[in-house]
2 protein chains.
Amino acid sequence: MSVRGLCLAILSGGDATGYEIRKESTEGRFSYFDDASFGSIYPALARLEAEGMVTAREEPQAGKPSRKVYSITQAGRDEFIRSLCEPQAPDTFKSPFLLIALNAAKLPPDVLRRALERRKAQVHEELRLLSGIDNENGCTHAGSDWTRDYGIACMNFTLRYLEDHGEALIKIAEDAAAPSQAAAE
Amino acid sequence: MSVRGLCLAILSGGDATGYEIRKESTEGRFSYFDDASFGSIYPALARLEAEGMVTAREEPQAGKPSRKVYSITQAGRDEFIRSLCEPQAPDTFKSPFLLIALNAAKLPPDVLRRALERRKAQVHEELRLLSGIDNENGCTHAGSDWTRDYGIACMNFTLRYLEDHGEALIKIAEDAAAPSQAAAE
DNA sequence: GGTGGCATGTAAGCAGTTACATGATTTT
DNA sequence: AAAATCATGTAACTGCTTACATGCCACC
């Protein structure tokens with residue numbers, strides 16, 4: 001999904017500024033779909049405005065710099081829905097953690113321990129984020145609930161697996177680091 | 001993970017050609033870590049050779065174009081292990097499927113059905129791939145086993161969840177498509 | 001008085017993809 | 001006869017990140 005599509009997806013859920021879109025895409029619930037930085041979001045929004053997919057209104061704020069709040073138009077909504085009906089790219093899971101796990105026998109046990117703790121913390125954080133979704137605003141809808149529950153279920157499973165089998169992974173590194181001991185036993 | 005790192009990771013598991021590296025990275029077990037196309041792999045390998053991280057030997061083949069088989073050097077191995085010890089980027093999951101699920105109420109039920117079937121098929125395929133790993137060659141090692149088992153466990157959970165809750169997702173779209181009927185009942 | 005959050009935007013650079021170029025063999 | 005697989009490589013293009021530019025406020 002391109003930054004353009006990401007903006008449309010987020011704006012179809014409500015008005016937002018470029019700043020907010022970036023936050024949603026890197027930290028918020030839309031991090032499931034794509035990350036994006038300022039350098040790509042602002043130009044994308046400007047282009048979407050020129051194409052009539054979104055409208056912008058400037059909101060001056062006391063003390064803070066003025067915000068440019070974008071709203072999706074009907075044309076934008078149509079394009080977004082249409083894009084969802086077309087065949088999508090397959091889901092992808094990219095895991096630096098699993099690369100470390102794959103090479104467990106070649107790495108110091110401490111590296112494994114750190115990687116495991118880091119991954120667990122990451123899953124915890126994602127779980128915390130997902131649990132907080134309905135609290136933010138009252139307008140929970142069915143699709144959002146389903147997606148959240150799916151995410152929570154997967155993350156809980158992952159977390160339990162890491163807790164149950166993490167020690168085995170560390171043991172691989174320990175055994176490899178002390179082969180003479182293991183052979184002597 | 002860059003293409004450079006990907007090549008090192010794959011070659012640390014055994015010799016390979018650029019063609020094979022691309023296959024492993026897009027279809028094989030290394031698709032967990034990064035995708036890459038020819039246009040990025042061949043230049044990366046050439047650079048790695050110039051840096052002394054890999055060596056290449058040409059193998060003429062009867063009938064087929066000659067293969068350029070790359071082997072990792074000790075310097076390459078060291079660099080790879082060192083890179084794994086440094087803090088890694090967090091794991092990411094990008095899901096066009098979940099974007100469709102999130103917007104279930106705005107989409108035709110058929111789109112939901114297709115997306116669900118497609119996702120299930122994808123998980124099935126990944127499961128098939130993971131199950132076949134130990135068959136390919138005898139040298140299964142502990143890290144590879146752990147990683148494979150982790151992948152299989154997660155995929156099985158995902159598949160069961162989709163089978164158990166998929167109907168609920170389709171119902172969201174159906175209810176939204178026929179609101180008068182739902183209200184009348 | 002410094003760090004960090006809010007807020008928008010541009011320009012340079014890079015990593016990667018796509019498309020092209022080539023060519024034999026095997027499969028349909 | 002066409003399409004797919006094996007196999008390498010280059011060139012153009014694109015989309016995104018990083019760094020820069022600017023500025024005010026709140027908190028520590």
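As the structure is a computational prediction, the values presented were derived from the model and not from experiment. Reminder, nothing fancy here: chain letters follow the sequence lines and each chain counts from 1.
A/Q61 has its CD atom 12 Å from the C1' atom of D/dC25, to the nearest Å. When rounded to the nearest whole Å, the span between CZ of A/F38 and P of D/dC20 equals 16 Å. Across the protein-nucleic acid pair, B/R67 atom CZ and D/dC6 atom P stand 11 Å apart, rounded to whole Å. Following rounding to the nearest Å, B/R47 (CZ) and D/dG9 (P) show an atom-to-atom distance of 17 Å. The CG-C1' distance, from A/D35 to D/dT17, rounds to 11 Å in whole Å. Rounded to an integer number of Å, the gap from CD of B/E20 to P of D/dG9 is 14 Å. Separating the CD1 atom of B/I21 from the C1' atom of D/dG9 is a distance of 15 Å, rounded to the nearest angstrom. When the P atom of D/dG15 is taken as reference, atom CG of A/L6 falls 15 Å away, rounded to whole Å.
Which of D/dA7, D/dG9, D/dT17 sits closest to the side chain of A/S40 comes down to D/dT17. Of the candidates C/dC6, C/dT10, D/dT8, C/dT10 carries the atom nearest the A/P43 side chain, counting heavy atoms from C-beta on.
In this structure, A/M1 and A/S83 have side chains that are not in contact, with every pair of non-hydrogen atoms separated by 4.5 Å or more. Residues B/L112 and B/I172 fail the side-chain proximity criterion, which asks for heavy atoms closer than 4.5 Å.
In terms of position on DNA chain D, the residue among A/V3 and A/P65 whose nearest nucleotide sits closer to the 5' end is A/V3.
In this pair, A/F157 and A/Y161 present their aromatic rings tilted. The plane angle is within the 30 to 60° band.
Taking side-chain N and O atoms only, B/T17 has a distance below 4.0 Å to OP1 or OP2 of D/dT8. Side-chain N/O atoms of A/K23 include none lying less than 4.0 angstrom from OP1 or OP2 on C/dA7. The shortest distance between the side-chain N/O atoms of B/Y19 and the OP1/OP2 oxygens of D/dT8 is not below 4.0 Å. In terms of phosphate contacts, B/Y42 brings a side-chain nitrogen or oxygen within less than 4.0 Å of OP1 or OP2 of D/dT8.
Salt bridge status for A/K171 with A/D175: present, with a side-chain N to carboxylate O gap under 4.0 Å.
Here the CD-CG distance, from B/E126 to A/D91, works out to 9.0 Å after rounding to the nearest 0.5 Å.
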